[in-house]
Every structure is written in C-alpha cells, then in structure tokens.
Amino acid sequence: MITIISGTNRKNSECLRFARKYAEILQAKTDEPVQVLALEDIPHDWFYNGMYEDDGQSSSLAQLQDAYMLPAQKFVYVMPEYNGSFPGVVKLFIDACSVRQYKATFKNKKAALVGVATGRAGNLRGLEHFTGVLNHVGTVVLPNRLPISRIEHLVDADGDISDPGTLRSIEKQAEELLHF
C-alpha cells in the first residue's frame, strides 16, 4: 500500500489538489492500493500534553495510524511551504504517530517528497528539513525530491493541474517511487 499525505490542515488547500493528482497518476501505474490522507480532514483531539505517554494516544489517531501509516510500505508527502519550511501539522502528526508502534510505522519504509509553493523554490528548503525528520525516524527518502513552484500558473480554468512539464515531473517521480 502507498499512502499519500496532503501535508496541511488548511481547508480547501492547493496541496490536496496536487496530492489527489499524484494519487491518480500513481494509481494508473500500479495495482497496489493508493490512498490519500488529507491532514485538513483529520480530528485533532490528540494534540494535548499527554499525547506522548504510552496510554495517551487518542483513538482517532490510532485509527489513522492503523489505516494509513502501519500498512503502507511507501509514502508520498505533499507539503506546501509555510514560513520557509514544511507545516507544523506534519511534524505534529509524525511525532504523535511515533508514540505507538514507532518501528512498524516508520522504520525501513520509503518516501517521496513533493513541495508546492506559489514562490520560486517549490518549498525546497522544507523538503530538505523534512528529509532530516524522516531519516531520523528510519524512513528512506527518494533522492529525487520534487519542488513544484508557482502553482497558481499550473492549473487550467477548471482548477485542474494541466501544465505538461509538471505532470511529466510527477509521473517520473511516481515511477521512481514504484521502483525504489
């Protein structure tokens, strides 16, 4: 199973649009199940001072971890640029999932990283920061990180991602992830 995580809790985000497009492209290339976890849709009842205790994990987080993190052998993290890095909700999610079944959740799994931004660098710095986080928890990161810049120019009038170069880049990274 491959889990694609839309890495923001901002409602109606462009990030989710790119995550869904990535899922569509990836699913066309594999029979393996592909699912999208949108952090904008998850409950946050697990964010409290007892969340790091063995018995402190909320049932809603355990359900997400059981459905999206534990069965996946590969991940795609699609993350917007927030203040020169990746969104804090992604780090909080990783931290919260590390309390229960740490090794089974992260160790020796593989990940592809996609940055989306309205600026020129496509969240390249955030992808670099997040690579360090994933390496720390034991996840191996695909060397081809994909920064996607000036995203407002990559969609058509209907809001679909239509830029041929961007679609080719997503397709190339998806193929690399499948063979990784």
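Nothing here was measured: the structure is a model prediction, and the numbers come from that model. Nothing fancy with the numbering, it's 1 onward along the sequence. What you see below is based on every heavy atom in this structure, not just the backbone, and it leaves out hydrogens, waters and symmetry mates.
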Considering all heavy atoms, the nearest Gln101-Thr105 contact: O-OG1, 2.7 Å
pair Leu167-Ile25: side-chain heavy atoms closer than 4.5 Å: yes
Spacing of Glu175 atom CD and Glu171 atom CD [to the nearest 0.5 Å]: 5.0 Å
Short side-chain to backbone donor-acceptor contact, Gln65 and Arg100, under 3.5 Å: yes
Asp156 side chain to Asp158 backbone, donor-acceptor under 3.5 Å: yes
Point-to-point distance, once rounded to the nearest 0.5 Å, from OH of Tyr102 to CD1 of Ile94: 10.0 Å
Flag, side chain of Gln35 to backbone of Thr3, donor-acceptor distance under 3.5 Å: no
Side-chain donor/acceptor of Glu14 to backbone N/O of Arg17, under 3.5 Å: no
Same cluster (ILVMFWY, side-chain, under 4.5 Å), Val133 and Val89: yes
Sidechain N-carboxylate O distance under 4.0 Å for Lys172, Glu176: yes
Thr139 side chain to Lys110 backbone, donor-acceptor under 3.5 Å: no
4.5 Å side-chain heavy-atom contact, Phe93 and Leu37: yes
Exercise: do Ser13 and Glu40 side chains pair donor with acceptor under 3.5 Å: yes
Basic-acidic side-chain contact under 4.0 Å: Asp163, Arg150: no
pair Tyr22-Val36: side-chain heavy atoms closer than 4.5 Å: no
Donor-acceptor pairs under 3.5 angstrom involving side-chain atoms of residues 67-77: please list them, not counting sequence neighbours.
{"residue": "Lys74", "atom": "NZ", "partner": "Leu177", "partner atom": "O", "Å": "2.7"}
{"residue": "Lys74", "atom": "NZ", "partner": "Leu178", "partner atom": "O", "Å": "3.1"}
{"residue": "Lys74", "atom": "NZ", "partner": "Phe180", "partner atom": "O", "Å": "3.2"}

Pairing residues for Lys107 by the salt bridge (charged side-chain N to carboxylate O under 4.0 Å, His left out) criterion, not counting sequence neighbours: none
Heavy-atom check, side chain of Glu32 versus side chain of Gln27, under 4.5 Å: no
Which donor-acceptor pairs under 3.5 Å do side chains of residues 78-87 form with protein atoms, sequence neighbours excluded?
{"residue": "Tyr82", "atom": "OH", "partner": "Thr8", "partner atom": "OG1", "Å": "2.4"}
{"residue": "Ser85", "atom": "OG", "partner": "His129", "partner atom": "ND1", "Å": "2.7"}

Leu127 backbone acceptor or donor facing Thr131 side chain under 3.5 Å: yes
Single-linkage hydrophobic cluster Ile151~Leu39, side-chain heavy atoms < 4.5 angstrom: no
Any donor-acceptor pair under 3.5 Å from Ser149 side chain to Arg120 backbone: yes
Hydrophobic cluster identity match, Val140 and Phe106, side-chain contacts under 4.5 Å: no
Arg20 side, atom CZ; Cys15 side, atom SG - distance, nearest 0.5 Å: 10.5 Å
Separation between CG of Asn144 and CG of Leu113, rounded to the nearest 0.5 Å: 10.0 Å
Working for side chain to side chain contact (heavy atoms under 4.5 Å, CB included), residues Thr166 and Phe18: CA-CA 10 Å; Thr166 300; Phe18 280 84; 4.3 Å; yes
Among Leu64, Leu92, Val137, Leu61, side chain to side chain contact (heavy atoms under 4.5 Å, CB included) partner for Cys97: Leu61
Worked verdict on Glu24 versus Lys21 for salt bridge (charged side-chain N to carboxylate O under 4.0 Å, His left out): CA-CA 5 Å; Glu24 176 187 318; Lys21 178 52 102 176; 3.1 Å; yes
Distance, nearest 0.5 Å, that separates CD of Gln63 from CG of Asp66: 8.0 Å
Atom pair CG/CG of Asn123 and Leu146 - distance to nearest 0.5 Å: 11.5 Å
Ile148 vs Ile170 side-chain heavy atoms within contact, under 4.5 Å: yes
Close side-chain approach of Val90 and Ile5, heavy atoms under 4.5 Å: no
Connected via hydrophobic side-chain network under 4.5 Å: Val114 and Leu134: no
Beyond-backbone contact of His44 with Trp46, side-chain heavy atoms, under 4.5 angstrom: yes
